[in-house]
Amino acid sequence: MLNTCNWIKNRNMKVWTKVRSMLTDAVAQLAVKNGLSIAHIPVQVEQPRFEKQGDFACPCALALARVLHRSPMDIAEQIAGYIGDLPSEVEKVEVARPGYINVFIKPGAWFDMLEGLLNDPARFITSDVGDDMSVLIEFVSANPTGPLHVGHARGAILGDALARVMAAAGFAVHKEYYLNDRGNQIAALGRSVHVRGRQQHGYDDELPENAYKGKYLIDIAKRIMESPDAIGFKLQYETLGEPDSNPLATTASRMLQEEIKKDLEDLDIRFDNWFSERSLYREKRVEQVLTRLQGKGLLYELQDGAVMFRSTAFGDDQDRVVIRSNKQPTYFASDIAYHDQKFRRGLDRLINIWGADHHGYIPRMHAAMKALGYDPEKLEIILVQMVSLVQGGKPVTMGKRSGDYYTLRQLVEEVGKDAVRFIFLTRKADAQMEFDIQLARSRSLENPVYYVQYGHARLRSIIAKAELSIDDIEFRPELSRFLQHPEEQQLIKKAAMFPFTVEQAALTRQPHLVAFTLMDMVKTFHSYYTRYKNTDKVLSRDPDKRAARLVMTAALARIIKEGLNLVGVSAPEVMNREP
RNA sequence: GCGCCUGUAGCUCAGUUGGAUAGAGCAGCGGACUUCUAAUCCGCAGGUCGGAGGUUCGAAUCCUCUCAGGCGUACCA
């Protein structure tokens, strides 16, 4: 049983994994000889920029130079000397100038890797660097008090893409939306809907100061009135009961929650779980967690009755309120309970994706987890910076006063799911971003998603031209030598290396790397295609060349489709020019 | 005031987490369609990596200071 598993694992083991373990073994020997602990020596395998530098490079000797007080070149030579049997794909290992260890792959080896790709592309892009580590990614978690807007889109897309990428890299991923279905915001929502309903009944009520002013609540009020259990618009709001159980508030919030869910589904974002804040109260989790903190002597009461958490004892710069002087727990209190629940589920890692405007919240959250005895390192917080909307170069105001902002739904309708997703992934999370609606809407060259999709369509059209189905194209190892153009060698290497990027993206939590790699691969293909289209077509008259290139073409089409899928973008087989 | 993020080609952004010779895309200029889809490609030009110090074999990347922009600094979430 065990052997079978290992065998299957080995079948999918990547070259770079073999190279890494080859080097790790050698470095370990060096460490033993020098009385060093191996744990502190990371053996990093990277892709060098120039061909002369091989296919993989390891700068570990450079890093060790400082520790050992010896020249990097000496150390590199010594490490190279400790290398035992080379993996079958490796041609040679060289030590280069400042102290790099460069690894060269055998000429035919990249092509041979395409066999696995063609047989099972979905499996080919996966790896096991995640080691089945369980990860909960919490994202979006917008209040169910209004439709999602453009600012939410970035976190939503990043979180979903990260989930897909990490799952491919062998993490056990769980996606969760934390639903703030109680508290001040819901009460304010109830009051706002109430006024909107009364206005429709002919009362001339005005929206209170802290109300939700968006026009969408007029619609919500109308729908509540039309529903069979419509009640309450004629009454005073207070007579309908406590905010958390007030039927107008809860009904409106549930309706908006459904809208949010639908908007996300239109972006192909689906959550494994919607975690209700209210359930924390129902199950007394907030009480319980506060009692635990109390038991550790970490709570104290102010004169006015507010209860503080001593977060300064764990690195925060001031203590935080958990119960207000009016005896209502704060959002922070339930969030502590929520994160306590996450940890209690026994997950290895918790990843939260927050808007950058919440960054001040991080120290107190980490403090709370430390106080409860959890390792704060296991709670990773990824901040996505703000998105500012631009229309043809001019800033678009978000209409905070009127409450009518540019919604995610509008954006998806106008721009399309694929473009929205891809554009948000062409920037790393911690850079502020200008989103030009006009640009995204235009199906122009500046829209990188079409560039990649067109590349895929082009590949598929070659296969169609050959009157083959992509499934008919079979790998044959002897075809390798017919791919003689340098671009062809580059392309098959890029295809085979794609899972390496997936690993990097997962380990560094940066799904944008996948988008950039796809653009790079497609660029190389377009360039190759155009260069030879009049002299040496992919579909050569020479049957061997033709067969070899079809293998390459199919491999590229497969990998691009899987790659696009990884960032949640479709891969059409045909794309027609602008009508 | 304090804290966090950002500053790289005219514009929008990458840069393998401290490594080898800083890269794309737009925009500009000049070229390539009898097509396996020109939604493409090729070439040219464009840089004191905001600035100043420092750390070391080596800095766009780390530390200090400084300038600029954004965001926070609630008994809101």
Side-chain angles (χ1 to χ4, degrees), chain A residues 44-50 52-53 57 59 62-63 65-66 71-73 96-100 102 141-143 145 180 183-185 188 210 277 302 304-308 317-318 320-332 334-335 355-363 383-386 388 393 426-434 436 439 443-448 450-451 453-455 457-466 500-501 504 507-508 510 512-513 515-516 519-520 522-523 525-534 537-540 549 553 574-578:
Chain A
Q44 194 186 345
V45 171
E46 49 186 47
Q47 295 187 74
R49 218 159 4 130
F50 301 97
K52 316 275 173 204
Q53 300 165 348
L62 295 157
R66 188 171 317 177
S71 102
M73 279 302 275
R97 273 168 279 143
Y100 280 94
N102 291 334
S141 298
N143 288 344
T145 54
N180 302 121
N184 286 345
Q185 307 304 312
N210 58 354
E277 182 187 4
L302 296 180
D304 61 8
V307 176
M308 308 292 289
D317 52 11
Q318 59 178 287
R320 305 294 170 175
V321 179
V322 285
I323 296 182
R324 303 185 182 98
S325 51
N326 67 5
K327 296 300 165 200
Q328 290 296 311
T330 59
Y331 174 83
F332 180 46
S334 43
D335 220 11
D357 51 344
H358 285 60
H359 73 258
Y361 205 78
I362 298 174
L383 294 177
V384 286
Q385 287 295 324
M386 302 286 104
S388 56
T426 52
R427 272 144 190 84
K428 59 182 175 188
D430 47 11
Q432 283 159 237
M433 166 176 189
E434 260 187 12
D436 194 319
L439 207 69
R443 305 190 56 192
S444 76
L445 337 165
E446 297 174 30
N447 224 332
Y450 296 120
Y451 184 84
Q453 287 182 322
Y454 178 58
R458 228 180 194 182
L459 287 156
R460 297 300 299 251
S461 93
I462 292 172
I463 294 167
K465 187 83 179 179
F500 185 76
T501 302
Q504 298 297 313
L507 294 173
T508 62
Q510 294 182 320
H512 77 272
L513 296 175
F516 279 94
M519 288 191 281
D520 174 68
V522 169
K523 182 188 167 63
F525 168 68
H526 278 315
S527 175
Y528 160 75
Y529 178 96
T530 313
R531 176 161 179 194
Y532 296 106
K533 68 178 181 177
N534 292 322
K537 287 183 167 41
V538 174
L539 297 176
S540 168
R549 289 173 184 170
T553 303
V574 178
M575 285 178 86
N576 293 315
R577 219 173 303 168
E578 279 287 88

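The chains referred to below are lettered A, B, ... by the order of the sequence lines, with proteins before strands, and numbering in each begins at 1.
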Which of B:A20, B:C71, B:C36 is nearest the side chain of A:Y529? It is B:C36
Interatomic distance, [X] atom [atom1] to [Y] atom [atom2] [nearest 0.5 angstrom]:
X      : Y      : atom1 : atom2 : answer
A:H526 : A:M519 : NE2   : CE    : 12.0 Å
A:I462 : A:Y529 : CD1   : OH    : 5.5 Å
A:D335 : A:E277 : CG    : CD    : 8.0 Å

For nucleotides 8-14 of chain B, read 5' to 3', which letter fits each nucleotide if B means a protein heavy atom sits under 4.0 Å from the base, S means only the sugar-phosphate is that close, and - means neither? ----SSS
Quick one: which protein N/O atoms are closer than 3.5 Å to N/O atoms of nucleotides 73-77 of chain B? Pair and distance per line, please.
from, atom 1, to, atom 2, distance (Å)
B:C75, O3', A:R324, NE, 3.0
B:C75, O2, A:S325, N, 2.6
B:C75, O2, A:S325, OG, 2.9
B:C75, N3, A:D304, OD2, 3.4
B:C75, N3, A:S325, OG, 3.2
B:C75, N4, A:D304, OD1, 3.1
B:C75, N4, A:D304, OD2, 2.0
B:C76, OP2, A:R324, NE, 2.3
B:C76, O3', A:R324, NH2, 3.3
B:C76, O2', A:Q185, NE2, 2.5
B:A77, OP1, A:R324, NH2, 2.5
B:A77, OP2, A:R324, NH2, 3.2
B:A77, OP2, A:Y331, N, 3.2
B:A77, O2', A:N143, OD1, 3.2
B:A77, O2', A:N143, ND2, 3.0
B:A77, N3, A:H358, NE2, 3.2

Touch class at under 4.0 angstrom, heavy-atom based, for A:K465 against every strand present: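 The residue A:K465 makes sugar-phosphate contact but no base contact.
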Would you classify A:A464 as touching base, sugar-phosphate or nothing, given that sugar-phosphate means primed atoms plus P, OP1 and OP2, and contacts are heavy atoms under 4.0 Å? nothing
Less than 3.5 Å apart, any donor N or O on the side chain of A:T145 or A:Q185 sitting next to an acceptor on the other? no
Assess whether side-chain contact (heavy atoms from CB on, under 4.5 Å) is satisfied between A:N184 and A:Y331, documenting all intermediate values. CA-CA 9 Å; A:N184 286 345; A:Y331 174 83; over 6 Å; no
Taking everything shown except A:K327 itself, do over 12 heavy atoms lie less than 6.0 Å from its NZ?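 Enclosed: over 12 neighbouring heavy atoms sit under 6.0 Å from NZ of A:K327.
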Distance between [atom1] atoms of [N] and [M] (Å, rounded):
N     : M     : atom1 : result
B:U6  : B:C42 : C1'   : 35 Å
B:C41 : B:A24 : C1'   : 15 Å
B:G46 : B:G25 : C1'   : 14 Å

Think A:R49 has a side-chain N or O under 4.0 angstrom from the OP1 or OP2 of B:U16?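 False: A:R49 side-chain N/O out of range (4.0 Å or more) of B:U16 OP1/OP2.
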